[in-house]
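Not measured: the values here are computed from a predicted model. Just so you know, residue 1 is the first one in the sequence shown, and it goes up from there.
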Amino acid sequence: MVYKDRGGKVRLDDISTEPPKAITKEKARKRFETLGQELFELQDALWGAKLNSVLVVLQGRDSAGKDGTIKHVAGCLNPRGVSVTSFGVPTAEEREHDFLWRVHRHAPRLGEFALFNRSHYEDVLVVRVHKLAPKALWKERYGHIADFEELLAEHGTIVLKYFLHISREEQEERLLEREHAVGTAWKLNANDWKERSRWDEYTEAYEDAISKTAAPHAPWIVVPADKKWYRNLAVAESICDALRGRCAAWKTALKEVGRKRQAELAALRAKR
Ligand code: ATP
């Protein structure tokens with residue numbers, strides 16, 4: 001489900017966390033492979049043309065698969081020109097600045113592809129649910145976020161925001177699985193269980209964040225994420241969809257540069 005307009009009603013409980021029936025794991029695997037190659041080529045043109053940049057924001061509850069998605073999507077890209085930034089509890093220095101300060105410095109340069117594991121949205125999610133700031137403060141942040149993302153878009157950044165949508169049952173299974181295996185228990189902390197008890201408050205906070213900041217230049221995409229193979233496919237598919245339409249302009253720019261280079265080289269050769 002894609003949200004491109006501010007103010008639309010978002011009801012997460014009405015959106016399935018399961019893949020559409022028609023898609024099998026095998027079909028998804030093949031499609032992901034094809035998309036991976038396309039993504040690599042799109043990124044190559046993005047990097048060379050330097051007309052745009054890409055910002056992929058990943059949000060979701062604990063164990064929704066932010067890390068896994070980054071691993072699979074970034075795994076299709078050329079590491080040159082890719083950055084991954086995780087946003088945890090703000091440091092003392094970060095708290096002494098406005099909430100966008102720590103985020104803006106990681107926004108991608110033209111040609112770059114940035115992935116955020118959590119983001120500025122935490123400042124209207126965890127901050128709201130845990131009352132870490134007064135309502136009067138976090139309420140204003142929706143507008144600041146919308147303006148910030150508009151600024152990025154004006155600078156050529158393609159902003160794509162994903163909510164990885166898992167069910168309560170799937171989350172419980174994943175948390176238990178992590179806890180029970182000694183090799184993965186380190187990924188879990190007591191907070192993850194505590195956060196789970198605030199499920200409905202987070203739902204409300206996510207619904208507001210999505211409906212108050214969705215825009216044509218910075219859409220929210222709610223991804224059914226109970227199946228990891230479908231989640232990865234859906235994110236890759238939607239990134240390709242967003243970049244494909246820009247690629248002709250990137251290739252034209254690259255040819256232009258190519259022609260100039262050829263002329264320079266021919267002139268040099270003629271002088272020899
Ligand atoms: P994750 O849960 O994202 O996989 P993690 O458990 O290793 O990662 P960190 O990356 O260290 O934890 O930090 C994530 C935590 O930081 C989350 O609980 C998140 O809610 C919290 N956090 C992020 N941004 C803020 C913020 N602006 N204010 C308060 N807490 C924040």
Side-chain angles (χ1 to χ4, degrees), residues 1-6 28 30-58 69-85 100 103-117 119-120 145-162 213-221 223 232-272:
M1 178 71 95
V2 182
Y3 294 91
K4 290 189 170 179
D5 296 302
R6 227 184 281 182
K30 283 197 187 132
R31 179 73 187 140
F32 186 82
E33 218 175 278
T34 309
L35 284 171
Q37 282 165 15
E38 186 182 2
L39 206 49
F40 185 89
E41 283 159 25
L42 287 165
Q43 183 213 1
D44 208 42
L46 168 85
W47 170 261
K50 304 233 183 303
L51 294 176
N52 294 101
S53 58
V54 178
L55 173 59
V56 167
V57 170
L58 290 161
T69 308
I70 289 174
K71 186 172 121 193
H72 283 87
V73 172
C76 302
L77 301 170
N78 185 334
R80 175 205 63 189
V82 176
S83 66
V84 177
T85 311
L100 290 172
V103 179
H104 205 166
R105 58 215 296 244
H106 293 288
R109 296 159 70 161
L110 291 174
E112 281 183 353
F113 198 115
L115 296 121
F116 283 180
N117 181 343
S119 64
H120 40 299
I145 289 174
D147 289 345
F148 170 59
E149 290 174 354
E150 195 177 339
L151 175 69
L152 297 183
E154 275 174 17
H155 189 65
T157 304
I158 299 164
V159 182
L160 300 166
K161 306 174 292 191
Y162 294 91
T213 65
H217 56 267
W220 268 105
I221 302 104
V223 177
N232 295 336
L233 174 68
V235 173
E237 189 88 67
S238 122
I239 297 174
C240 280
D241 283 350
L243 305 197
R244 217 174 269 132
R246 313 274 191 137
C247 197
W250 300 338
K251 290 203 167 148
T252 304
L254 288 179
K255 279 190 193 146
E256 195 56 40
V257 175
R259 269 192 285 273
K260 273 190 199 145
R261 288 276 155 86
Q262 283 175 331
E264 282 163 18
L265 291 169
L268 274 178
R269 202 164 288 128
K271 274 191 199 159
R272 272 199 232 130

Which heavy atom in [X] sits nearest to a heavy atom in [Y], and how many Å separate them?
| X | Y | result |
| --- | --- | --- |
| L254 | A45 | CD1-CA, 3.9 Å |
| N52 | G156 | ND2-O, 2.9 Å |
| L39 | C76 | CD2-CB, 4.3 Å |
| N232 | T69 | OD1-CA, 3.7 Å |
| T213 | R6 | N-CG, 4.0 Å |
| L42 | W250 | O-CZ3, 3.6 Å |

Atom pair [atom1] ([X]) and [atom2] ([Y]), whose distance is rounded to the nearest 0.5 Å:
| X | Y | atom1 | atom2 | answer |
| --- | --- | --- | --- | --- |
| L46 | L243 | CG | CG | 7.0 Å |
| R31 | E38 | CZ | CD | 7.0 Å |
| L151 | L100 | CG | CG | 10.0 Å |
| L35 | D241 | CG | CG | 8.5 Å |
| Q37 | T34 | CD | OG1 | 6.5 Å |
| K71 | N117 | NZ | CG | 13.5 Å |

For residues [X] and [Y], determine if any side-chain heavy atom of one lies less than 4.5 Å from a side-chain heavy atom of the other.
| X | Y | result |
| --- | --- | --- |
| Y162 | I239 | yes |
| V159 | H217 | no |
| L152 | H104 | yes |
| N78 | F113 | no |

(message) Would H120 and E149 count as a side chain to side chain donor-acceptor pair (under 3.5 Å) here? Give the steps.
(response) CA-CA 10 Å; H120 40 299; E149 290 174 354; 2.9 Å; yes
(request) Could I get the full list of side-chain hydrogen bond (donor to acceptor under 3.5 Å, both in side chains) partners for Q43, not counting sequence neighbours? (result)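 Once residues adjacent in sequence are excluded, Q43 has no partner under the side-chain hydrogen bond (donor to acceptor under 3.5 Å, both in side chains) criterion.
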(request) Check K161, M1, K4 against W220 for a side chain to side chain contact (heavy atoms under 4.5 Å, CB included) and give me the one that passes. (result)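 Single side chain to side chain contact (heavy atoms under 4.5 Å, CB included) partner of W220 among K161, M1, K4: K161.
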(message) Looking at D44 and R80, is there a salt bridge between them, counting it only when a charged N and a carboxylate O are closer than 4.0 Å?
(response)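 Yes, this pair counts.
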(message) Using a strict threshold of under 4.0 Å (side-chain N to carboxylate O), is an ion pair present between K30 and E33?
(response)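 A salt bridge is absent here (no side-chain N lies under 4.0 Å from a carboxylate O).
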(message) Does I221 form a side chain to side chain contact (heavy atoms under 4.5 Å, CB included) with V2? I'd like the steps, not just the answer.
(response) CA-CA 4 Å; I221 302 104; V2 182; 4.3 Å; yes
